[in-house]
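Have a look at the structure below before the remarks.
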Amino acid sequence: MSGERPPFLAPDGVLPDLVPKRALATGAAIPVVGLGTFGSDSVPHEAVAEAVLEAARVGYRHFDCASVYGNESHVGESLRAILRSGVRREDLWVTSKLWNDKHGEKDVVPSCEKSLRALQVDTLDLYLVHWPFPNFHPPGCDVTSRSPDARPYVHESYMKTWRQMERLVERGLVRHIGTSNMTIPKLDLLLRDAAIRPVANEMELHPHFQQPELVRYVVERGIVPIGYSPIGSPGRPERDRTPEDTVDIEDPVIVAIAERLGVHPAVVCLKWGLQRGQVVIPFSVKRANYLANLRAAVAPPLTDADMQAIAGIDRGGRLIKGQVFLWRDGQSWRDLWDLDGRIAQ
Ligand SMILES: NC(=O)c1ccc[n+]([C@@H]2O[C@H](COP(=O)([O-])OP(=O)(O)OC[C@H]3O[C@@H](n4cnc5c(N)ncnc54)[C@H](OP(=O)(O)O)[C@@H]3O)[C@@H](O)[C@H]2O)c1
């Protein structure tokens, strides 16, 4: 650290150099807190873009984007302003994701190029295959919506997509590639066949949905777990809500720790995720909230007793179930997640 205050930092911001980074298999380092940019179909793109810009002013250097969020051109305007303000490109971490209707061999490179143009950067630090299914559904659609050409996971098809992801690395358009919403049986096949391995798997992770087996699996293979919906996605769209869902930030264990520390329960969820070794990508468009979320990374850790207590409240409570990606009538969303260790067909 130079000791100089970096350009563009708000007086109450967190020094970006103080925010820990996690090493990827390539040696590159990803800041452990990123700002999510999915407005859950309800937050206007302008508000998300404004949050990106101001989040950089409070010290964020990592932004989790995706073409399907529909706001990459808005976010891109903010990224350009951040870079013009003197923040160096190599100090920013920008992730984007390939949407399900762009898995075709001819679609991957153009889709990435479109995101690059929208985000106004020459390269992405990380590009993920958003879901392992090529099943399109229109943005904002109802949970009962099914695409007529929906298919199960077909490994040969996924590998064709993955080969194009590898081409993106070879062509220098992206620095790293990774997966999202994968399961152990699918990752087994990908790791067997990939020429360029995924450096990260983005997956739903919060205290009520800890996925210990999948986290252990990826960590043992040098793949960084990036936890999405780390607060339990209290603002998620209606289509992602079911009666059995539970609320992490109302859990008595989380609330008691939050009261003791004088923070919002959301911050306790993030601190737990960080201490467990995850990268977290909370969404917020409220300055006080996203600043508190970044401060979670530099504040004193939770106690061992806190961590044990939170380990005990896992409910296996998946919130983002993916119903719209099902391919047959009469299926359950559980078929998307290979719960019996086999890839459902
Ligand atoms: N790969 C995938 O398939 C996938 C799926 C889902 C999400 N994601 C990514 O993960 C990101 C985060 O997930 P998410 O948006 O579902 O859920 P989340 O980050 O768990 O929750 C976001 C919600 O929490 C509130 N919040 C944030 N910080 C808070 C604080 N300190 N105090 C009180 N409330 C707070 C926000 O409201 P306010 O704005 O009012 O603060 C917002 O409603 C997304 O934006 C997206 O980038 C990826």
Side-chain angles (χ1 to χ4, degrees), residues 33-45 47-52 54-55 58 60 62-72 75 93-100 126-133 135 137 139 178-182 198 200-209 225-241 245-250 254-255 258 261-273 278-297 299 317-322 324-325 336-337:
V33 180
L35 187 75
T37 66
F38 175 43
S40 291
D41 305 340
S42 57
V43 181
H45 300 335
V48 175
E50 205 179 303
V52 167
E54 186 58 20
V58 305
Y60 279 77
H62 170 180
F63 299 97
D64 182 79
C65 311
S67 59
V68 75
Y69 301 162
N71 57 15
E72 286 194 321
V75 170
W93 185 279
V94 182
T95 296
S96 183
K97 311 184 192 89
L98 178 77
W99 188 236
N100 304 359
L126 179 60
Y127 197 50
L128 307 174
V129 181
H130 206 146
W131 286 81
F133 307 99
N135 301 346
H137 68 92
T179 53
S180 180
N181 296 303
M182 287 290 264
N201 182 53
E202 197 165 301
M203 54 198 280
E204 181 179 334
L205 289 171
H206 42 95
H208 281 181
F209 191 55
I226 300 178
Y228 75 67
S229 304
I231 298 167
S233 199
R236 69 191 178 283
E238 236 6 85
R239 66 166 183 272
D240 286 329
R241 294 177 191 269
D245 292 353
T246 58
V247 183
D248 302 65
I249 54 178
E250 291 174 5
I254 301 288
V255 171
L261 298 179
V263 297
H264 190 280
V267 172
V268 176
C269 295
L270 297 175
K271 288 178 73 64
W272 167 81
Q278 294 155 208
V279 170
V280 296
I281 47 170
F283 174 86
S284 178
V285 288
K286 297 200 178 107
R287 188 182 192 279
N289 287 355
Y290 55 74
L291 177 54
N293 295 346
L294 188 62
R295 285 197 178 135
R318 189 186 289 280
L319 300 172
I320 310 302
K321 302 174 184 72
V324 290
F325 305 127
L336 296 168
W337 301 102

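Worth knowing before you read on, the calculation uses all heavy atoms, side chains too, and leaves out hydrogens, waters and symmetry mates. Read the numbers this way: they start at 1 and go in the same order the structure lists the ligands and their atoms.
There is no protein heavy atom less than 4.0 angstrom from atom 37 (O) of ligand 1.
Close approach to I281 involves these atoms of ligand 1, each under 4.0 Å from a residue heavy atom: 9 (C), 10 (O), 11 (C), 12 (C). Listed by atom number, the atoms of ligand 1 under 4.0 Å from D64 heavy atoms are 9 (C), 46 (C), 47 (O). Close approach to H130 involves these atoms of ligand 1, each under 4.0 Å from a residue heavy atom: 1 (N), 2 (C), 3 (O). Listed by number with element, the atoms of ligand 1 under 4.0 angstrom from any heavy atom of N293 are 27 (C), 28 (N), 29 (C), 30 (C), 31 (N).
Protein heavy atom closest to atom 41 (O) of ligand 1, with residue, atom name and distance, is S284 OG, 2.6 Å. With respect to atom 40 (O) of ligand 1, the closest heavy atom belonging to the protein is K286 NZ, 2.6 Å. Of all protein heavy atoms, the one closest to atom 3 (O) of ligand 1 is N181 ND2, 2.9 Å. Considering only non-hydrogen protein atoms, atom 45 (O) of ligand 1 sits nearest to F38 N, 3.0 Å. With respect to atom 22 (C) of ligand 1, the closest heavy atom belonging to the protein is F283 O, 3.4 Å.
Residue contact check for ligand 1: E202 places a non-hydrogen atom closer than 4.0 Å to it.
The nearest non-hydrogen atom to atom 21 (O) of ligand 1, considering only A288, P282, P234, C269, comes from P234. When Y69, Y228, W131 are ranked by how near their heavy atoms come to atom 5 (C) of ligand 1, first place goes to Y228. For atom 16 (O) of ligand 1, the candidate residues are A51, G235, S233; the nearest heavy-atom contact is made by S233.
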I would like to know whether N181 and Y228 meet side chain to side chain contact (heavy atoms under 4.5 Å, CB included); could you show each step before the answer?
CA-CA 10 Å; N181 296 303; Y228 75 67; 2.6 Å; yes

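Contact annotation: for Y290 versus ligand 1, there are no heavy atoms closer than 4.0 Å. Of all the heavy atoms of A266, the ones lying under 4.0 Å from any atom of ligand 1 belong exclusively to the side chain. When non-hydrogen atoms are compared, ligand 1 lies under 4.0 Å from the side chain of S180 (C-beta onward) but not from its backbone. Neither the backbone nor the side chain of V43 comes within contact range of ligand 1; no heavy atom lies under 4.0 Å. Here T37 has backbone heavy atoms under 4.0 Å from ligand 1, and that is the only part of it that gets that close.
Without hydrogens or angle criteria, Q278 side chain to G227 main chain gives no donor-acceptor distance under 3.5 Å. Using a distance-only test at 3.5 Å, with no hydrogens or angles considered, a donor-acceptor pair links the side chain of Y60 to the main chain of Y290. Formation of a donor-acceptor pair under 3.5 Å by the N135 side chain with backbone atoms of F325 is found in this model. Under the 3.5 Å distance criterion, the side-chain polar atoms of S40 are left unmatched by any main-chain donor or acceptor of S42. The backbone N or O of K321 sits less than 3.5 Å from a side-chain atom of W337, completing a donor-acceptor pair. Between the side chain of H208 and the backbone N or O of G232, no donor-acceptor pair lies under 3.5 Å. Side-chain atoms of R318 never come within 3.5 Å of backbone atoms of F209 as a donor-acceptor pair (strictly under, hydrogens ignored). Here the side chain of N293 pairs no donor or acceptor atom with the backbone of L270 at under 3.5 angstrom. Between the side chain of K97 and the backbone N or O of Y127 there is no donor-acceptor pair closer than 3.5 Å.
The shortest distance between side-chain heavy atoms of C65 and E72 falls below 4.5 Å.
At least one N or O atom of N289, backbone or side chain, sits closer than 3.5 Å to an N or O atom of ligand 1. Looking at ligand 1, you won't find any N or O of A292 less than 3.5 Å from one of its N or O atoms. Inclusion of V285 in the set of residues having an N or O under 3.5 Å from an N or O of ligand 1 is warranted. For ligand 1, none of its N or O atoms has an N or O atom of V267 under 3.5 Å away. For ligand 1, the polar-atom distance check finds an N/O of I231 within less than 3.5 Å of one of the ligand's N/O atoms. Between I320 and ligand 1, a contact under 3.5 Å exists for no N or O pair.
Counted by atom type alone, T95 and D64 present zero donor-acceptor pairs between their side chains at under 3.5 Å.
With H62 as the partner, the side-chain contact (heavy atoms from CB on, under 4.5 Å) test is satisfied by one option alone out of V94, I281, V280, V33: I281.
By the neighbour-count criterion of 12 heavy atoms within 6.0 Å, atom CD of E50 is sparsely surrounded, having that number or fewer from other residues, nucleotides or ligands.
Considering CG of N201 and CG of L128, their distance stands at 8.5 Å, rounded to 0.5 Å.
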